[in-house]
Every structure is written in structure tokens, then in C-alpha cells.
Amino acid sequence: SALDATFTNGVTTFETELFQSSTEFLAEARFRLGLRIGPLTLTAGSGIRVSSPPNAGSDLNLDPGAFWAFDVDVGLELGL
């Protein structure tokens, strides 16, 4: 669905479509590893997510570029 926005410069206010309704490409890659030491497991992981940019609204001149997200996680698990 489209995203509408309201803009103001302190004097004039107007509402327009910020992003058009569209279908986008998304890719995600993740890895995870664990090291078991007796009843404990040390875990670590990482991931990356890339999404193509949305289409700009008809009244705006935007070039948002691709959306990138990175994450890292570490953990300690106890197995009894």
C-alpha cells in the first residue's frame, strides 16, 4: 500500500503520496555457529538483509537507495 505524508514549512501545509504502492525485491543471508563445552554452548551469528528501494510518490523527487540491515548476535545456552 502507498504511504502518504503531510509536509509543512511553517506557513504552508500540504499532503502528498511519499511512496507509491509497489512490489520490491528482498534478500537475506544469515549464519550461525555454536561451540559445545560440556553443558554450555557458546553461540554466535550474523546476518545481512538488502531491500530494493520503494518507488517515490508522483509529486516528489526522491532517490532513497537500497535499504541495508546488518545484525550480530552472541549467546550462551545451558543444556541440562
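Sequential numbering from 1 along the given sequence is applied to the chain's residues.
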Members sharing Phe31's hydrophobic cluster (side chains within less than 4.5 Å) =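 Phe31 clusters with Leu33.
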
Cluster companions of Val50 among Ile, Leu, Val, Met, Phe, Trp, Tyr (side-chain spacing under 4.5 Å) =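 Besides Val50, the cluster holds Ile48, Trp68, Phe70.
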
When rounded to the nearest 0.5 angstrom, what is the spacing between OG1 in Thr8 and CZ in Phe14?
->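 The distance works out to 9.0 Å.
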
Report the residues that fulfil salt bridge (charged side-chain N to carboxylate O under 4.0 Å, His left out) with Arg49, sequence neighbours left out, ordered by chain and then residue number.
->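 Salt bridge (charged side-chain N to carboxylate O under 4.0 Å, His left out) check on Arg49 returns Glu28.
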
Under the side chain to side chain contact (heavy atoms under 4.5 Å, CB included) test, residues paired with [X] that sit two or more places apart:
{"X": "Arg32", "value": "Thr43, Asp73, Glu77"}
{"X": "Thr6", "value": "Thr13, Glu15"}
{"X": "Leu40", "value": "Leu76, Leu78"}

Among all residues two or more places apart in sequence or in another chain, which pass the side chain to side chain donor-acceptor pair (under 3.5 Å) test with [X]?
{"X": "Ser52", "value": "Glu24"}
{"X": "Thr41", "value": "Arg36"}
{"X": "Asn9", "value": "none"}

